[in-house]
There are 2 protein chains.
Amino acid sequence: MSIIQYKDHDRLLVSVDCIIFGFDGIKLRALLIKRGFEPGLGKWSLMGGFVDKKESVDEAASRILNKLTGLNDIYMEQLSCFGDVQRDPGGRVISVAFFALIKIDDYSSSLIEEHNAKWFPLDAVPSLVFDHRQMLKLAKERLKEKISGHPVGFALLPHKFTLQQLQSLYEAIYEQPLDKRNFTRKIHSLNILHKLKEKEKHSSRRGAFYFVFDKKKYEKLDKEGLKFL
Amino acid sequence: MSIIQYKDHDRLLVSVDCIIFGFDGIKLRALLIKRGFEPGLGKWSLMGGFVDKKESVDEAASRILNKLTGLNDIYMEQLSCFGDVQRDPGGRVISVAFFALIKIDDYSSSLIEEHNAKWFPLDAVPSLVFDHRQMLKLAKERLKEKISGHPVGFALLPHKFTLQQLQSLYEAIYEQPLDKRNFTRKIHSLNILHKLKEKEKHSSRRGAFYFVFDKKKYEKLDKEGLKFL
DNA sequence: GCAAAAGTGTTTTGTCTACACCCATGA
DNA sequence: TCATGGGTGTAGACAAAACACTTTTGC
(Lines give C-alpha, C1' and ligand atoms only; values in the text may rest on other atoms or scores of the structure.)
Protein backbone atom coordinates (compact mmCIF):
# COMPACT_ATOMS: atom_id res chain seq x y z
CA MET A 1 0.00 0.00 0.00
CA SER A 2 1.34 3.40 -0.88
CA ILE A 3 1.37 6.42 1.34
CA ILE A 4 -1.78 7.48 -0.39
CA GLN A 5 -3.42 4.19 0.45
CA TYR A 6 -2.70 4.78 4.14
CA LYS A 7 -5.39 7.41 3.78
CA ASP A 8 -7.96 4.77 2.96
CA HIS A 9 -7.84 3.31 6.42
CA ASP A 10 -9.84 4.30 9.46
CA ARG A 11 -8.36 6.74 11.89
CA LEU A 12 -9.16 6.23 15.53
CA LEU A 13 -9.06 8.31 18.66
CA VAL A 14 -6.19 7.09 20.82
CA SER A 15 -6.12 7.84 24.49
CA VAL A 16 -3.83 7.14 27.39
CA ASP A 17 -4.98 6.16 30.88
CA CYS A 18 -2.70 6.18 33.88
CA ILE A 19 -2.92 3.88 36.85
CA ILE A 20 -1.07 5.88 39.46
CA PHE A 21 0.05 3.93 42.50
CA GLY A 22 1.11 5.37 45.81
CA PHE A 23 1.90 3.87 49.20
CA ASP A 24 0.63 5.42 52.41
CA GLY A 25 2.81 3.34 54.72
CA ILE A 26 0.16 0.68 55.18
CA LYS A 27 -1.81 0.28 52.02
CA LEU A 28 -1.33 0.65 48.33
CA ARG A 29 -3.45 3.40 46.89
CA ALA A 30 -4.49 4.50 43.44
CA LEU A 31 -5.02 8.09 42.39
CA LEU A 32 -8.40 8.57 40.75
CA ILE A 33 -10.26 11.57 39.44
CA LYS A 34 -13.89 12.49 39.56
CA ARG A 35 -14.83 13.20 36.00
CA GLY A 36 -16.06 16.70 35.32
CA PHE A 37 -17.11 15.90 31.78
CA GLU A 38 -19.13 13.47 29.72
CA PRO A 39 -19.23 10.60 29.20
CA GLY A 40 -19.18 9.42 32.79
CA LEU A 41 -19.56 12.85 34.38
CA GLY A 42 -19.41 12.62 38.15
CA LYS A 43 -18.00 9.10 38.08
CA TRP A 44 -14.57 8.05 39.24
CA SER A 45 -12.03 7.37 36.57
CA LEU A 46 -8.36 6.95 35.88
CA MET A 47 -6.53 10.03 34.74
CA GLY A 48 -6.42 10.01 30.98
CA GLY A 49 -6.29 12.07 27.85
CA PHE A 50 -5.95 11.88 24.11
CA VAL A 51 -2.78 11.31 22.18
CA ASP A 52 -1.97 14.20 19.93
CA LYS A 53 -0.62 13.47 16.47
CA LYS A 54 2.52 15.45 17.22
CA GLU A 55 3.53 13.45 20.29
CA SER A 56 4.44 9.84 20.92
CA VAL A 57 2.21 7.69 23.06
CA ASP A 58 4.83 7.69 25.83
CA GLU A 59 5.06 11.45 25.68
CA ALA A 60 1.31 11.69 25.97
CA ALA A 61 1.39 9.51 29.07
CA SER A 62 4.06 11.70 30.66
CA ARG A 63 2.19 14.84 29.77
CA ILE A 64 -1.04 13.58 31.27
CA LEU A 65 0.65 12.38 34.41
CA ASN A 66 2.40 15.69 34.76
CA LYS A 67 -0.87 17.52 34.29
CA LEU A 68 -2.37 15.76 37.29
CA THR A 69 0.60 15.49 39.61
CA GLY A 70 2.96 18.24 38.51
CA LEU A 71 5.73 15.64 38.51
CA ASN A 72 8.30 14.64 35.94
CA ASP A 73 10.74 11.71 35.95
CA ILE A 74 8.22 9.28 37.29
CA TYR A 75 8.59 5.55 37.11
CA MET A 76 6.16 4.59 34.40
CA GLU A 77 5.59 1.52 32.34
CA GLN A 78 3.24 0.64 29.56
CA LEU A 79 0.66 -1.88 30.64
CA SER A 80 -1.50 -2.79 27.69
CA CYS A 81 -3.63 -1.43 24.92
CA PHE A 82 -7.37 -1.72 25.45
CA GLY A 83 -9.07 -1.81 22.13
CA ASP A 84 -12.62 -3.10 22.35
CA VAL A 85 -15.03 -1.43 19.99
CA GLN A 86 -17.55 -0.55 22.66
CA ARG A 87 -15.23 0.23 25.54
CA ASP A 88 -16.01 3.93 25.56
CA PRO A 89 -19.65 4.91 25.05
CA GLY A 90 -18.49 8.30 23.80
CA GLY A 91 -16.99 6.88 20.64
CA ARG A 92 -14.45 4.51 19.21
CA VAL A 93 -11.43 5.17 21.36
CA ILE A 94 -8.58 2.81 21.92
CA SER A 95 -6.64 3.39 25.07
CA VAL A 96 -3.10 2.60 26.06
CA ALA A 97 -2.88 2.06 29.80
CA PHE A 98 0.24 2.94 31.76
CA PHE A 99 1.05 2.38 35.36
CA ALA A 100 3.07 4.82 37.35
CA LEU A 101 4.70 4.58 40.76
CA ILE A 102 4.96 7.77 42.75
CA LYS A 103 5.93 8.88 46.20
CA ILE A 104 2.55 9.64 47.66
CA ASP A 105 3.53 12.97 49.17
CA ASP A 106 5.33 14.24 46.12
CA TYR A 107 2.36 15.66 44.37
CA SER A 108 1.03 19.12 43.96
CA SER A 109 -2.09 19.26 46.06
CA SER A 110 -3.49 22.22 44.18
CA LEU A 111 -3.35 20.29 40.94
CA ILE A 112 -5.02 17.36 42.62
CA GLU A 113 -7.81 19.56 43.93
CA GLU A 114 -8.28 21.10 40.56
CA HIS A 115 -8.86 17.66 39.09
CA ASN A 116 -11.00 16.40 41.93
CA ALA A 117 -8.51 13.66 42.50
CA LYS A 118 -8.34 11.33 45.46
CA TRP A 119 -6.14 8.50 46.67
CA PHE A 120 -8.13 5.31 47.19
CA PRO A 121 -6.84 2.22 48.96
CA LEU A 122 -6.87 -0.61 46.44
CA ASP A 123 -9.36 -2.57 48.52
CA ALA A 124 -11.81 0.32 48.53
CA VAL A 125 -11.87 1.60 44.99
CA PRO A 126 -15.28 2.88 43.90
CA SER A 127 -16.88 1.80 40.66
CA LEU A 128 -15.05 3.22 37.68
CA VAL A 129 -16.02 4.28 34.19
CA PHE A 130 -15.55 2.12 31.10
CA ASP A 131 -12.98 -0.63 31.45
CA HIS A 132 -10.94 1.23 34.04
CA ARG A 133 -11.48 -1.37 36.74
CA GLN A 134 -10.04 -4.00 34.46
CA MET A 135 -7.05 -1.75 33.80
CA LEU A 136 -6.52 -1.29 37.50
CA LYS A 137 -6.74 -5.00 38.14
CA LEU A 138 -4.20 -5.73 35.44
CA ALA A 139 -1.91 -3.03 36.76
CA LYS A 140 -2.02 -4.54 40.23
CA GLU A 141 -1.08 -7.96 38.89
CA ARG A 142 1.67 -6.49 36.78
CA LEU A 143 3.09 -4.57 39.71
CA LYS A 144 3.22 -7.77 41.73
CA GLU A 145 5.03 -9.60 38.94
CA LYS A 146 7.34 -6.70 38.39
CA ILE A 147 8.40 -6.27 41.98
CA SER A 148 9.12 -9.95 42.29
CA GLY A 149 11.78 -9.56 39.63
CA HIS A 150 12.93 -5.96 39.87
CA PRO A 151 13.44 -3.65 42.85
CA VAL A 152 11.02 -1.02 41.60
CA GLY A 153 9.32 -0.60 44.95
CA PHE A 154 11.65 2.20 45.90
CA ALA A 155 9.79 4.46 43.54
CA LEU A 156 6.86 4.27 45.96
CA LEU A 157 8.83 5.10 49.08
CA PRO A 158 10.26 8.37 50.32
CA HIS A 159 13.94 8.97 49.69
CA LYS A 160 14.86 7.65 53.11
CA PHE A 161 12.83 4.88 54.67
CA THR A 162 13.00 2.27 57.38
CA LEU A 163 13.14 -1.46 56.83
CA GLN A 164 9.72 -1.64 58.41
CA GLN A 165 8.31 0.66 55.73
CA LEU A 166 9.96 -1.31 52.99
CA GLN A 167 8.60 -4.55 54.34
CA SER A 168 5.11 -3.11 54.67
CA LEU A 169 5.27 -2.09 51.05
CA TYR A 170 6.14 -5.59 49.92
CA GLU A 171 3.42 -6.99 52.14
CA ALA A 172 0.90 -4.60 50.63
CA ILE A 173 1.87 -5.56 47.10
CA TYR A 174 2.01 -9.29 47.76
CA GLU A 175 -1.08 -9.12 49.95
CA GLN A 176 0.52 -11.40 52.47
CA PRO A 177 2.62 -11.00 55.61
CA LEU A 178 6.34 -11.62 55.38
CA ASP A 179 8.75 -12.81 58.04
CA LYS A 180 10.76 -9.89 59.36
CA ARG A 181 14.06 -11.71 59.69
CA ASN A 182 13.85 -13.44 56.35
CA PHE A 183 12.86 -10.18 54.71
CA THR A 184 15.76 -8.28 56.25
CA ARG A 185 18.25 -10.93 55.25
CA LYS A 186 16.95 -11.04 51.69
CA ILE A 187 17.02 -7.30 51.20
CA HIS A 188 20.48 -6.94 52.66
CA SER A 189 21.77 -9.74 50.47
CA LEU A 190 20.74 -7.73 47.43
CA ASN A 191 23.21 -5.13 48.56
CA ILE A 192 21.28 -2.14 47.32
CA LEU A 193 20.66 -0.36 50.60
CA HIS A 194 22.76 2.17 52.37
CA LYS A 195 22.16 2.63 56.08
CA LEU A 196 22.05 6.20 57.32
CA LYS A 197 23.07 7.31 60.79
CA GLU A 198 19.74 9.04 61.21
CA LYS A 199 16.81 7.36 62.89
CA GLU A 200 13.09 7.57 62.42
CA LYS A 201 11.74 8.35 65.88
CA HIS A 202 8.02 8.70 65.48
CA SER A 203 6.86 5.14 65.45
CA SER A 204 8.98 3.75 68.25
CA ARG A 205 10.92 4.78 71.32
CA ARG A 206 14.07 3.11 70.20
CA GLY A 207 13.89 4.50 66.69
CA ALA A 208 14.62 2.72 63.43
CA PHE A 209 17.50 3.54 61.15
CA TYR A 210 16.72 5.12 57.83
CA PHE A 211 18.04 3.62 54.65
CA VAL A 212 18.48 5.01 51.19
CA PHE A 213 19.12 2.89 48.17
CA ASP A 214 22.31 2.80 46.20
CA LYS A 215 21.19 3.98 42.79
CA LYS A 216 23.98 2.33 40.81
CA LYS A 217 23.54 -1.10 42.35
CA TYR A 218 19.82 -0.71 42.12
CA GLU A 219 19.94 0.02 38.39
CA LYS A 220 22.27 -2.87 37.78
CA LEU A 221 19.95 -5.20 39.64
CA ASP A 222 16.95 -3.76 37.84
CA LYS A 223 18.49 -4.76 34.53
CA GLU A 224 19.70 -8.16 35.65
CA GLY A 225 16.57 -9.07 37.50
CA LEU A 226 16.35 -10.68 40.88
CA LYS A 227 14.30 -13.29 42.57
CA PHE A 228 12.06 -12.10 45.34
CA LEU A 229 9.42 -14.38 46.75
CA MET B 1 -15.39 16.91 27.41
CA SER B 2 -18.61 16.03 25.73
CA ILE B 3 -19.06 13.52 22.96
CA ILE B 4 -18.86 16.41 20.58
CA GLN B 5 -15.53 17.45 22.04
CA TYR B 6 -14.14 13.97 21.30
CA LYS B 7 -14.26 15.19 17.72
CA ASP B 8 -11.75 17.88 18.49
CA HIS B 9 -8.98 15.41 19.05
CA ASP B 10 -6.60 13.93 16.54
CA ARG B 11 -7.44 10.61 15.01
CA LEU B 12 -4.56 8.29 14.26
CA LEU B 13 -3.99 5.29 12.09
CA VAL B 14 -3.74 2.24 14.29
CA SER B 15 -2.05 -0.89 13.05
CA VAL B 16 -1.30 -4.31 14.41
CA ASP B 17 1.96 -6.19 13.84
CA CYS B 18 2.36 -9.87 14.57
CA ILE B 19 5.52 -11.56 15.69
CA ILE B 20 4.85 -15.14 14.68
CA PHE B 21 7.08 -17.73 16.30
CA GLY B 22 7.59 -21.27 15.13
CA PHE B 23 9.98 -24.03 16.12
CA ASP B 24 11.73 -26.20 13.55
CA GLY B 25 13.00 -28.78 16.03
CA ILE B 26 16.31 -27.02 16.54
CA LYS B 27 15.81 -23.30 16.32
CA LEU B 28 13.15 -20.78 17.01
CA ARG B 29 12.00 -19.06 13.87
CA ALA B 30 9.95 -16.00 13.05
CA LEU B 31 7.63 -15.70 10.09
CA LEU B 32 8.36 -12.58 8.07
CA ILE B 33 6.97 -11.18 4.86
CA LYS B 34 8.65 -9.42 2.00
CA ARG B 35 6.70 -6.26 1.56
CA GLY B 36 5.07 -5.80 -1.80
CA PHE B 37 4.06 -2.24 -1.11
CA GLU B 38 5.39 1.10 0.05
CA PRO B 39 6.76 2.23 2.37
CA GLY B 40 9.49 -0.38 2.68
CA LEU B 41 8.72 -2.18 -0.58
CA GLY B 42 10.98 -5.19 -1.02
CA LYS B 43 12.09 -5.13 2.60
CA TRP B 44 11.37 -7.75 5.20
CA SER B 45 8.70 -6.94 7.71
CA LEU B 46 6.40 -8.39 10.30
CA MET B 47 2.93 -9.24 9.13
CA GLY B 48 0.67 -6.33 9.94
CA GLY B 49 -2.39 -4.39 8.98
CA PHE B 50 -4.66 -1.60 10.04
CA VAL B 51 -7.31 -1.74 12.70
CA ASP B 52 -10.74 -1.07 11.31
CA LYS B 53 -13.12 1.07 13.32
CA LYS B 54 -15.63 -1.75 13.45
CA GLU B 55 -13.30 -4.32 15.01
CA SER B 56 -11.42 -4.52 18.28
CA VAL B 57 -7.65 -4.45 18.29
CA ASP B 58 -7.58 -8.13 19.28
CA GLU B 59 -9.92 -9.00 16.46
CA ALA B 60 -7.71 -7.14 14.04
CA ALA B 61 -4.72 -9.15 15.23
CA SER B 62 -6.58 -12.42 14.73
CA ARG B 63 -7.78 -11.36 11.33
CA ILE B 64 -4.32 -10.42 10.17
CA LEU B 65 -2.78 -13.61 11.50
CA ASN B 66 -5.47 -15.63 9.80
CA LYS B 67 -4.87 -13.80 6.56
CA LEU B 68 -1.25 -14.92 6.50
CA THR B 69 -1.47 -18.38 7.99
CA GLY B 70 -5.03 -19.47 7.39
CA LEU B 71 -5.17 -20.48 11.05
CA ASN B 72 -7.60 -19.69 13.81
CA ASP B 73 -7.37 -20.43 17.54
CA ILE B 74 -3.75 -19.51 17.74
CA TYR B 75 -1.97 -18.73 20.95
CA MET B 76 -1.62 -14.98 20.85
CA GLU B 77 -0.74 -12.34 23.34
CA GLN B 78 -0.50 -8.60 23.22
CA LEU B 79 3.05 -7.38 23.52
CA SER B 80 3.09 -3.62 23.56
CA CYS B 81 1.98 -0.53 21.77
CA PHE B 82 4.65 1.23 19.74
CA GLY B 83 3.77 4.87 19.43
CA ASP B 84 6.70 7.00 18.35
CA VAL B 85 5.77 9.84 16.08
CA GLN B 86 8.31 8.97 13.41
CA ARG B 87 8.19 5.19 13.62
CA ASP B 88 6.56 4.80 10.21
CA PRO B 89 7.83 7.07 7.42
CA GLY B 90 4.50 6.61 5.64
CA GLY B 91 2.58 8.57 8.22
CA ARG B 92 1.60 8.79 11.85
CA VAL B 93 0.73 5.22 12.68
CA ILE B 94 0.73 3.68 16.11
CA SER B 95 1.10 -0.03 16.17
CA VAL B 96 0.06 -2.65 18.66
CA ALA B 97 2.42 -5.61 18.52
CA PHE B 98 1.24 -9.14 19.26
CA PHE B 99 3.19 -12.32 19.47
CA ALA B 100 1.79 -15.61 18.31
CA LEU B 101 2.99 -19.17 18.78
CA ILE B 102 2.20 -21.61 16.02
CA LYS B 103 3.09 -25.13 15.03
CA ILE B 104 5.46 -24.50 12.20
CA ASP B 105 3.92 -27.01 9.82
CA ASP B 106 0.34 -25.94 10.44
CA TYR B 107 0.23 -23.18 7.94
CA SER B 108 -1.21 -22.89 4.50
CA SER B 109 1.77 -22.80 2.17
CA SER B 110 -0.20 -21.19 -0.63
CA LEU B 111 -1.07 -18.28 1.62
CA ILE B 112 2.51 -17.98 2.66
CA GLU B 113 3.69 -17.91 -0.93
CA GLU B 114 1.11 -15.35 -1.79
CA HIS B 115 2.52 -13.07 0.89
CA ASN B 116 6.16 -13.82 0.10
CA ALA B 117 6.59 -15.04 3.63
CA LYS B 118 9.52 -16.95 5.02
CA TRP B 119 10.55 -18.51 8.32
CA PHE B 120 13.82 -17.06 9.61
CA PRO B 121 15.84 -18.49 12.47
CA LEU B 122 15.99 -15.83 15.17
CA ASP B 123 19.75 -15.58 14.91
CA ALA B 124 19.57 -14.88 11.18
CA VAL B 125 16.80 -12.35 10.81
CA PRO B 126 17.43 -9.85 8.01
CA SER B 127 17.07 -6.13 8.56
CA LEU B 128 13.47 -5.15 9.05
CA VAL B 129 11.39 -2.09 8.31
CA PHE B 130 10.53 0.58 10.86
CA ASP B 131 10.80 -0.56 14.48
CA HIS B 132 10.07 -4.18 13.71
CA ARG B 133 13.41 -5.42 14.95
CA GLN B 134 12.72 -3.83 18.29
CA MET B 135 9.33 -5.52 18.36
CA LEU B 136 10.92 -8.86 17.62
CA LYS B 137 13.51 -8.37 20.32
CA LEU B 138 10.86 -7.53 22.88
CA ALA B 139 8.77 -10.50 21.81
CA LYS B 140 11.72 -12.83 22.29
CA GLU B 141 12.30 -11.54 25.79
CA ARG B 142 8.64 -11.78 26.60
CA LEU B 143 8.44 -15.33 25.34
CA LYS B 144 11.35 -16.26 27.59
CA GLU B 145 9.68 -14.72 30.61
CA LYS B 146 6.39 -16.27 29.73
CA ILE B 147 7.64 -19.79 29.31
CA SER B 148 9.47 -19.62 32.61
CA GLY B 149 6.12 -19.18 34.33
CA HIS B 150 3.59 -20.84 32.07
CA PRO B 151 3.76 -23.98 29.95
CA VAL B 152 2.96 -22.20 26.69
CA GLY B 153 5.68 -23.95 24.75
CA PHE B 154 3.31 -26.67 23.67
CA ALA B 155 1.73 -24.26 21.26
CA LEU B 156 4.97 -24.42 19.29
CA LEU B 157 5.21 -28.20 19.14
CA PRO B 158 3.30 -30.75 17.10
CA HIS B 159 0.47 -32.54 18.84
CA LYS B 160 2.73 -35.44 19.76
CA PHE B 161 6.35 -34.84 20.52
CA THR B 162 9.33 -36.45 22.18
CA LEU B 163 11.01 -35.27 25.37
CA GLN B 164 14.02 -34.47 23.25
CA GLN B 165 11.97 -32.09 21.11
CA LEU B 166 10.48 -30.46 24.16
CA GLN B 167 13.88 -29.97 25.71
CA SER B 168 15.30 -28.56 22.48
CA LEU B 169 12.48 -26.04 22.46
CA TYR B 170 13.27 -24.86 25.97
CA GLU B 171 16.94 -24.71 25.10
CA ALA B 172 16.17 -22.63 22.04
CA ILE B 173 14.06 -20.19 24.03
CA TYR B 174 16.46 -19.92 26.95
CA GLU B 175 19.44 -19.91 24.63
CA GLN B 176 21.30 -22.29 26.89
CA PRO B 177 21.70 -26.05 27.19
CA LEU B 178 19.76 -27.88 29.87
CA ASP B 179 20.60 -31.06 31.70
CA LYS B 180 18.58 -33.92 30.26
CA ARG B 181 17.92 -35.69 33.54
CA ASN B 182 17.00 -32.57 35.45
CA PHE B 183 14.79 -31.47 32.59
CA THR B 184 12.96 -34.79 32.41
CA ARG B 185 12.39 -34.86 36.15
CA LYS B 186 11.11 -31.29 36.19
CA ILE B 187 8.68 -31.81 33.32
CA HIS B 188 7.34 -35.04 34.73
CA SER B 189 6.83 -33.44 38.12
CA LEU B 190 4.51 -30.92 36.49
CA ASN B 191 2.29 -33.83 35.62
CA ILE B 192 1.02 -32.43 32.35
CA LEU B 193 2.34 -35.03 29.96
CA HIS B 194 0.76 -38.22 28.79
CA LYS B 195 3.06 -40.87 27.36
CA LEU B 196 1.90 -42.61 24.19
CA LYS B 197 2.79 -46.16 23.20
CA GLU B 198 3.98 -44.93 19.85
CA LYS B 199 7.61 -44.15 19.20
CA GLU B 200 9.34 -41.64 17.00
CA LYS B 201 11.78 -43.73 14.95
CA HIS B 202 13.49 -41.29 12.61
CA SER B 203 16.09 -39.74 14.82
CA SER B 204 17.37 -42.83 16.56
CA ARG B 205 17.53 -46.58 16.24
CA ARG B 206 16.00 -47.18 19.59
CA GLY B 207 13.19 -44.70 19.08
CA ALA B 208 11.79 -42.21 21.57
CA PHE B 209 8.29 -42.32 23.00
CA TYR B 210 5.88 -39.65 21.93
CA PHE B 211 4.05 -37.58 24.51
CA VAL B 212 0.95 -35.45 24.31
CA PHE B 213 -0.01 -32.99 26.94
CA ASP B 214 -3.00 -33.25 29.21
CA LYS B 215 -5.02 -30.20 28.28
CA LYS B 216 -6.88 -29.90 31.58
CA LYS B 217 -3.81 -30.08 33.77
CA TYR B 218 -2.01 -27.81 31.37
CA GLU B 219 -4.69 -25.14 31.59
CA LYS B 220 -4.79 -25.36 35.34
CA LEU B 221 -1.05 -24.92 35.51
CA ASP B 222 -1.17 -22.08 33.02
CA LYS B 223 -3.47 -20.18 35.34
CA GLU B 224 -1.61 -20.98 38.53
CA GLY B 225 1.81 -20.42 37.08
CA LEU B 226 4.85 -22.55 37.62
CA LYS B 227 8.51 -22.09 38.21
CA PHE B 228 10.77 -23.25 35.42
CA LEU B 229 14.41 -22.29 35.43
C1' DG C 1 28.98 -55.96 17.16
C1' DC C 2 28.81 -51.24 17.02
C1' DA C 3 27.14 -46.65 16.55
C1' DA C 4 23.75 -43.42 18.12
C1' DA C 5 20.33 -41.67 20.80
C1' DA C 6 17.14 -43.00 24.89
C1' DG C 7 16.50 -43.51 29.40
C1' DT C 8 17.41 -43.42 34.25
C1' DG C 9 19.43 -41.98 40.39
C1' DT C 10 22.21 -40.15 43.65
C1' DT C 11 24.90 -36.78 46.00
C1' DT C 12 25.94 -32.17 46.92
C1' DT C 13 24.84 -27.58 47.28
C1' DG C 14 22.32 -23.73 48.12
C1' DT C 15 18.01 -21.47 49.21
C1' DC C 16 13.70 -20.91 51.64
C1' DT C 17 11.15 -21.37 55.82
C1' DA C 18 9.93 -21.41 60.44
C1' DC C 19 10.72 -19.76 64.67
C1' DA C 20 11.77 -16.40 69.77
C1' DC C 21 14.38 -13.54 72.46
C1' DC C 22 17.12 -9.44 73.91
C1' DC C 23 17.85 -4.35 73.01
C1' DA C 24 17.33 0.60 73.23
C1' DT C 25 14.68 4.29 74.45
C1' DG C 26 11.08 7.86 75.97
C1' DA C 27 7.54 8.46 78.84
C1' DT D 1 10.60 0.51 85.22
C1' DC D 2 8.00 -0.64 81.73
C1' DA D 3 5.86 -0.63 77.34
C1' DT D 4 6.90 -0.50 72.49
C1' DG D 5 8.75 -1.54 68.31
C1' DG D 6 13.83 -2.60 66.58
C1' DG D 7 17.07 -5.75 65.66
C1' DT D 8 19.25 -10.28 65.25
C1' DG D 9 20.73 -16.32 64.24
C1' DT D 10 20.01 -21.15 63.58
C1' DA D 11 18.29 -25.62 62.27
C1' DG D 12 15.55 -28.36 59.18
C1' DA D 13 13.19 -28.97 54.76
C1' DC D 14 13.22 -28.65 50.17
C1' DA D 15 14.67 -27.71 45.59
C1' DA D 16 18.28 -27.13 42.24
C1' DA D 17 22.53 -28.54 40.16
C1' DA D 18 26.13 -31.55 38.93
C1' DC D 19 27.31 -35.68 37.24
C1' DA D 20 27.88 -41.09 33.92
C1' DC D 21 26.53 -45.28 32.73
C1' DT D 22 23.30 -48.87 30.76
C1' DT D 23 19.75 -49.97 27.25
C1' DT D 24 17.87 -50.61 22.77
C1' DT D 25 18.00 -51.56 18.04
C1' DG D 26 18.91 -50.87 12.96
C1' DC D 27 22.58 -51.29 10.18
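Order of the sequence lines fixes the chain letters, A, B, ..., with proteins taken first and strands second; residue numbering starts at 1 for each chain.
Side-chain proximity of B:Lys195 to the nucleotides C:dG9, D:dG26, C:dT8 is greatest for C:dT8. Here the side chain of B:Lys186 is nearest to one of D:dA16, D:dT4, D:dG5, namely D:dA16. The B:Asn182 side chain lies nearest to D:dA17 when the options are C:dA5, D:dA17, D:dG7. Residue B:Lys227 places its side chain closer to D:dA16 than to any other of D:dA16, C:dA3, C:dA6. Listed nucleotides C:dG7, D:dG9, C:dG9 differ in distance to B:Arg181; the shortest reach to its side chain belongs to C:dG9.
Residue A:Lys201 places none of its side-chain N or O atoms closer than 4.0 Å to OP1 or OP2 of C:dT25. Put simply, A:Gln164 has a side-chain N or O that comes within less than 4.0 Å of OP1 or OP2 on D:dG6.
Between B:Glu200 and B:Lys160 there is no salt bridge, since no side-chain nitrogen of the basic residue lies less than 4.0 Å from a carboxylate oxygen of the acidic one. Under 4.0 Å is where a charged nitrogen must lie from a carboxylate oxygen, and between B:Lys220 and B:Glu224 at least one such pair does.
Across the protein-nucleic acid pair, B:Phe228 atom CZ and D:dA15 atom P stand 15 Å apart, rounded to whole Å. The CZ atom of B:Arg206 sits 20 Å away from the P atom of C:dG1 (whole-angstrom rounding). The interatomic distance linking B:Leu166 (CG) with C:dA5 (C1') rounds to 17 Å, in whole Å. If you measure from atom CD of B:Glu198 to atom C1' of C:dA6, you get 17 Å, rounded to the nearest angstrom. Here D:dG26 presents its C1' atom at 12 Å from NZ of B:Lys199, a figure rounded to the nearest Å. The nearest whole Å value for the distance from the CZ atom in A:Arg185 to the C1' atom in C:dC16 is 9 Å. Between B:Tyr210 atom OH and C:dA5 atom P the separation is 16 Å, expressed in whole Å. When the P atom of D:dA15 is taken as reference, atom CG of B:Leu190 falls 12 Å away, rounded to whole Å.
If you check every strand for non-hydrogen atoms under 4.0 Å, B:Thr162 touches nothing. Residue A:Lys180 is in base contact, counting any heavy-atom pair closer than 4.0 Å across all strands shown.
Between B:Tyr210 and B:Phe161, a ring centre-to-centre spacing not shorter than 6.0 Å is recorded.
The closest side-chain donor-acceptor pair between A:Ser80 and B:Gln78 falls under 3.5 angstrom.
For A:His150, the ring-ring contact (aromatic ring centres under 6.0 Å, His included) criterion is met by no residue, not counting sequence neighbours.
Heavy-atom nearest nucleotides on DNA chain D were determined for B:Asp179 and for A:Asp179, and the one closer to the 5' end corresponds to A:Asp179.
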